[in-house]
Amino acid sequence: MGKRLAANVHVRDPRTHQLVHLAAGDEPEPVLAELITTPSAWEDGEPPAAASQSDDDGDSKQAARKTAAAKPARGRKAADAEGDGGQ
């Protein structure tokens, strides 16, 4: 037996990419239930177990490291130091 919704919810079905309306009192299929992570949307105030797990369970990718530019952009200070101000 699945969990029941306490509120109306709209989710995008990952299989069909269509917007699906789920009414309060519905027991959504597991694929759709995983998409609803808001605790207040569920009757018992807690999302299904699969939805409450972190995203790190099977994905070992790390976020790409952002590197700073080697040189700062030539801003107003660089222009003032080099030129004569156009005069």
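Values below: all heavy atoms of this structure, side chains included; hydrogens, waters and symmetry mates excluded. For reference, positions follow the sequence shown, starting with 1.
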* Asked: Given side chains that start at C-beta, do those of Pro39 and Pro47 come closer than 4.5 Å, heavy atoms only?
  -> yes
* Taking Lys3 for the side chain and Ala33 for the main chain, is one N or O donor matched with an acceptor at less than 3.5 Å? -> no
* Nearest heavy-atom pair of Trp42 and Ile36: which atoms, and what distance? -> NE1-O, 3.2 Å
* To do: Tell me whether Val31 is reachable from Leu5 by hopping between hydrophobic residues (I, L, V, M, F, W, Y) whose side-chain heavy atoms are closer than 4.5 Å.
  => no
Could you pull out every donor-acceptor pair under 3.5 Å between side chains of residues 6-15 and any protein atom, sequence neighbours left out?
residue	atom	partner	partner atom	Å
Asn8	OD1	Ala24	N	2.9
Arg12	NH1	His17	O	3.0
Asp13	OD1	Arg15	N	2.8
Asp13	OD1	Arg15	NE	3.1
Asp13	OD2	Arg15	NH2	3.1
Arg15	NH1	Glu29	OE1	3.1
Arg15	NH2	Glu29	OE1	3.2

* **Salt bridge Arg4-Asp26, side-chain N to carboxylate O under 4.0 Å** => no
* Hey, what do you get for OG1 (Thr38) to CG (Leu35), rounding to the nearest 0.5 Å? -> 11.0 Å
